[in-house]
Amino acid sequence: MLGLLHNPWVYQNSFIVALFIVWGLSWILNKNMPDTLRYERVSELVSVLEEVYTGNVKAFIQRLSRMVTIEFITAIYLGVAFVFVLFSMVKGSADDWIALLIFGFFAFGAISRAVKLNQIYSRIKYNQTPDECAAVVEEAFRVDYAGYYNNRIHTSAQAMLPPQPRNFKVFQIFSLIIAILCALFGLYYLILSIIMLVESNSAETISGGIMYFLYGSLAAYFGIKDTVNCINYFKQNKKLFKK
């Protein structure tokens, strides 16, 4: 989409420009909607802590299993993207050290998180007790479960949440729509990149196809991931407020 600006500098440095746009949007959201983002994070965390507090070991283990799966898929995707960029540079069809370094950094981080989370999951898989859940939730989510437990004894789960911001449900729906659009745009450019690479007859076309592949696959992946997370959040929040 940055190509629509018809700016040679933007086109040549599109990866850096895209990163600054994403960072800028994140900064704007955090600055202008801190209460909304905080409420979303806290309510998601409360739903996790409630599984441990109520002794729902099965649900907690299933949650960790999903997290491990997502982290390993992320690690595989970023690792493949890193190899793809490296291979393209070796062949001389692309020259983007920034993309290589960024995908390498993200891939290393994703692999490290996947390995650590899998170790935590293995612990509870072979020791499925409420006490182990309490120990694991602090390590996996970096929370003070003992503090939550002491406060939760005297109140309800809903009372553990901060006041819900105005138009929060509108924000949730908007987030879901954006995630779906991101996934659709990503899939579109992913298909376009494959067509360009298959039918390419010039170095410029190959370079453009590689760029579209990287952006398209990244957008599709995170769009699908965010869509799934939004749907799961709706389900978890619904269960939380039923109690």
- [ ] Measure the shortest side-chain to side-chain distance between E44 and R41 over non-hydrogen atoms and say whether it is less than 4.5 angstrom.
- [x] no
Task: Heavy-atom donor-acceptor pair, N150 side chain to A146 backbone, under 3.5 Å - done: yes
Task: Separation of I224 CD1 from I180 CD1 (nearest 0.5 Å) - done: 11.0 Å
- [ ] Please confirm whether the backbone N or O of Y145 pairs with a side-chain atom of E138, one donor and one acceptor, at under 3.5 Å?
- [x] yes
Open item on the list: Taking the side chain as everything from C-beta on, heavy atoms only, tell me whether V115 gets closer than 4.5 Å to Q119.
Closed with: yes
Open item on the list: Using side-chain heavy atoms (C-beta onward) and a distance below 4.5 Å, is C182 in contact with D226?
Closed with: no
Open item on the list: I want to check something: taking the side chain as every heavy atom from C-beta on, are T54 and F60 in contact at a cut-off of under 4.5 Å?
Closed with: no
Task: Between CD on residue E40 and CG on residue D35, distance to nearest 0.5 Å - done: 13.0 Å
Task: Common cluster, V68/I111, ILVMFWY with side-chain heavy-atom separation under 4.5 Å - done: no
- [ ] Over all heavy atoms of both residues, which pair between I124 and C133 is shortest? Give the atoms and the distance, please.
- [x] CD1-SG, 3.3 Å
TODO: Considering non-hydrogen atoms only, spot the tightest contact between V57 and T129 and give its length.
DONE: CG2-C, 4.2 Å
Task: Nearest heavy atoms of S43 and L161, plus distance in Å - done: CA-CD2, 3.3 Å
Open item on the list: Side-chain heavy atoms nearer than 4.5 Å, only ILVMFWY residues, links allowed to pass through others: does that put L184 and I178 together?
Closed with: no
- [ ] Could you tell me whether the side chain of V136 reaches within less than 4.5 Å of the side chain of Y121, counting heavy atoms only?
- [x] no
- [ ] Working to the nearest 0.5 Å, report the span between CG of N118 and NZ of K116.
- [x] 13.0 Å
Task: Closest heavy-atom pair and its distance - A114, F72 - done: O-CE1, 3.7 Å
TODO: Could you tell me which non-hydrogen atom of G79 sits nearest to which non-hydrogen atom of A107, and how far apart they are?
DONE: N-CB, 3.9 Å
Task: Pairwise distance OG(S65) to CG(L117) - rounded to 0.5 angstrom - done: 9.5 Å
Open item on the list: Same cluster or not: V52 versus Y149, using hydrophobic residues (I, L, V, M, F, W, Y) connected whenever any side-chain heavy atoms lie under 4.5 Å apart?
Closed with: yes
TODO: Mind checking the CD-CG spacing from Q172 to L176? Nearest 0.5 Å is all I need.
DONE: 9.5 Å
Task: Candidate pair Y148 and E50, rule side-chain hydrogen bond (donor to acceptor under 3.5 Å, both in side chains), full reasoning - done: CA-CA 9 Å; Y148 178 85; E50 273 300 293; 2.6 Å; yes
Open item on the list: For N56 and K58: C-alpha separation, side-chain torsions, deciding distance, then whether side chain to side chain contact (heavy atoms under 4.5 Å, CB included) applies.
Closed with: CA-CA 6 Å; N56 195 343; K58 181 179 179 181; 4.2 Å; yes
TODO: Kindly check if the number of other-residue, nucleotide or ligand heavy atoms within 6.0 Å of CZ (F141) is above 12?
DONE: yes
TODO: Establish whether M67 and V48 are linked, either directly or via other cluster members, by ILVMFWY side-chain heavy-atom contacts under 4.5 Å.
DONE: yes
Task: Donor-acceptor pair, side chain of S112 and main chain of F108, under 3.5 angstrom - done: yes
Open item on the list: List the residues meeting salt bridge (Lys or Arg N to Asp or Glu O under 4.0 Å) with E139, not counting sequence neighbours, and say none if there are none.
Closed with: R123
Task: Hydrophobic cluster membership, V137 vs Y126, 4.5 Å side-chain cutoff - done: no
Task: Closest non-hydrogen atom pair between A157 and V46, with its separation - done: O-CG1, 4.1 Å
Open item on the list: With a 3.5 Å distance limit and no angle check, can you tell me whether T155 reaches the backbone of R152 through a side-chain donor-acceptor pair?
Closed with: no
